[in-house]
Amino acid sequence: MNTAVFPGSFDPVTVGHLDIIARAAAIFDRVIVCIMVNGGKHPLFSMEERLRFLRAAITCIPNAQAVLCDGLLADFARKQGARTLVKGVRGCADFDWEFQMAQINRGLWPELDTVFLPAQTKHLHISSTMAREMIRYRQDLSGCIPAGALEAVLESAEGKDNYGK
């Protein structure tokens, strides 16, 4: 079975993420969407909330599953039997960063390759950071959060101290 891992913080999952997952699922037999801890970010949602959002968003993609990971990505991929990482890129800055990360991961496990999928033009402006700002200012999220996850994201956002500030 040809398995790929699509890692990210997914705080929260966006329509751009879902598009990359769906496209990866058309290429690979199995796609593991891996929610990672990013020490450089201050997440709005807990890992468990993000897992719930992702699972709701990917119900229409039968060969995709969402899981939590708190270790090294290369180790996680090896344990899952995945020799490919999938990364979505919106532009040159994303590519530069992800290319560096691909080299690091390959250094940790030489058999691990990274495949870059460019974002569709209609999703270039959408990011989790933008979605969090829209949440904080109570803006319509229907164009940036997948329909399957939208209700769960809104429910979780209501309980946040910084929601609407």
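All values below were derived from every heavy atom in this structure, side-chain atoms included, with hydrogens, water molecules and symmetry-related copies excluded. This structure is a prediction, so every number in the text was calculated from the model and none was measured.
- Under the 4.5 Å side-chain heavy-atom criterion for grouping Ile, Leu, Val, Met, Phe, Trp and Tyr, Met101 is not connected to Val37 through any hydrophobic cluster.
- Taken to the nearest 0.5 Å, the CG atom of Leu44 stands 9.0 Å off from the OG atom of Ser156.
- Here the shortest heavy-atom pairing between Gly143 and Ile126 reads O-CD1, 3.6 Å.
- Applying the side-chain hydrogen bond (donor to acceptor under 3.5 Å, both in side chains) test to Asp29 and every residue at least two apart in sequence or in another chain returns nothing.
- Other residues, nucleotides and ligands place no more than 12 heavy atoms under 6.0 Å from the CD atom of Glu151.
- The structure places CD1 of Ile104 at 8.0 Å from CG of Leu108, a figure rounded to the nearest 0.5 Å.
- Pairing each heavy atom of Val13 with each of Pro146, the nearest pair is O-CD, 3.6 Å.
- Partners of Leu124 by side-chain contact (heavy atoms from CB on, under 4.5 Å), not counting sequence neighbours, listed by chain and number: Arg90, Ala119, Thr121.
- Heavy atoms only, all atoms of each residue included: Met134 and Cys144 are closest at SD-SG, 4.1 Å.
- Every residue meeting the side-chain hydrogen bond (donor to acceptor under 3.5 Å, both in side chains) condition with Glu98, not counting sequence neighbours, appears here in chain and number order: Lys87.
- Among residues at least two apart or in separate chains, side-chain hydrogen bond (donor to acceptor under 3.5 Å, both in side chains) pairs with a member in residues 18-28 are Asp19-Arg23, Asp19-Gln120.
- Contacts of Asn63 classified as side-chain hydrogen bond (donor to acceptor under 3.5 Å, both in side chains), with partners at least two apart in sequence or in another chain: none.
- Residues passing the salt bridge (charged side-chain N to carboxylate O under 4.0 Å, His left out) test with Glu133, sequence neighbours excluded: Arg136.
- When hydrophobic residues (I, L, V, M, F, W, Y) are linked wherever their side-chain heavy atoms come within less than 4.5 Å, the members clustered with Leu85 are Val5, Ile32, Met36, Val67, Leu73, Phe76, Trp109, Leu112.
- Pairing each heavy atom of Pro12 with each of Arg132, the nearest pair is CD-CG, 3.9 Å.
- The two atoms that bring Ile145 and Ala131 nearest to each other are CD1-CB, 4.0 Å, heavy atoms only.
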Practice problem: With side-chain contact (heavy atoms from CB on, under 4.5 Å) as the test, would you mind laying out the steps for Leu117 and Val89 before giving the verdict? | Solution: CA-CA 6 Å; Leu117 294 179; Val89 291; over 6 Å; no
Practice problem: Might you work through the side-chain contact (heavy atoms from CB on, under 4.5 Å) test for Ile21 and Val86, ending with a clear yes or no? | Solution: CA-CA 9 Å; Ile21 295 165; Val86 172; over 6 Å; no
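- Here the straight-line distance linking atom CG of Leu68 with atom CZ of Phe10 works out to 11.5 Å at 0.5 Å rounding.
- With values rounded to the nearest 0.5 angstrom, Ser128 atom OG is found 4.0 Å from His17 atom NE2.
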Exercise. Please lay out, stage by stage, how Leu54 and Ile35 fare under the test side-chain contact (heavy atoms from CB on, under 4.5 Å).
Key: CA-CA 9 Å; Leu54 260 168; Ile35 302 169; 3.4 Å; yes
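- For residues 48-75, the ring-ring contact (aromatic ring centres under 6.0 Å, His included) pairs, not counting sequence neighbours, are Phe45-Phe53.
- Evaluation of the side-chain hydrogen bond (donor to acceptor under 3.5 Å, both in side chains) rule for Ser9 yields Lys41 as partners, not counting sequence neighbours.
- Shown here for Gly148 and Ala56, the closest heavy-atom pair between the two residues is O-CB, 3.2 Å.
- The distance from the NE2 atom of His123 to the CD1 atom of Ile20 is 9.0 Å, given to the nearest 0.5 Å.
- Phe95 pairs by the ring-ring contact (aromatic ring centres under 6.0 Å, His included) definition with Phe99, Phe116, not counting sequence neighbours.
- Listed by first then second residue, pairs satisfying side-chain hydrogen bond (donor to acceptor under 3.5 Å, both in side chains) with a partner in residues 70-86 read Arg30-Gln80, not counting sequence neighbours.
- When atom types are taken as modelled, the side chain of Glu49 and the backbone of Ser46 share a donor-acceptor pair closer than 3.5 angstrom.
- Under the salt bridge (Lys or Arg N to Asp or Glu O under 4.0 Å) criterion, the residue pairs touching residues 112-128 are Arg106-Asp113, with sequence neighbours excluded.
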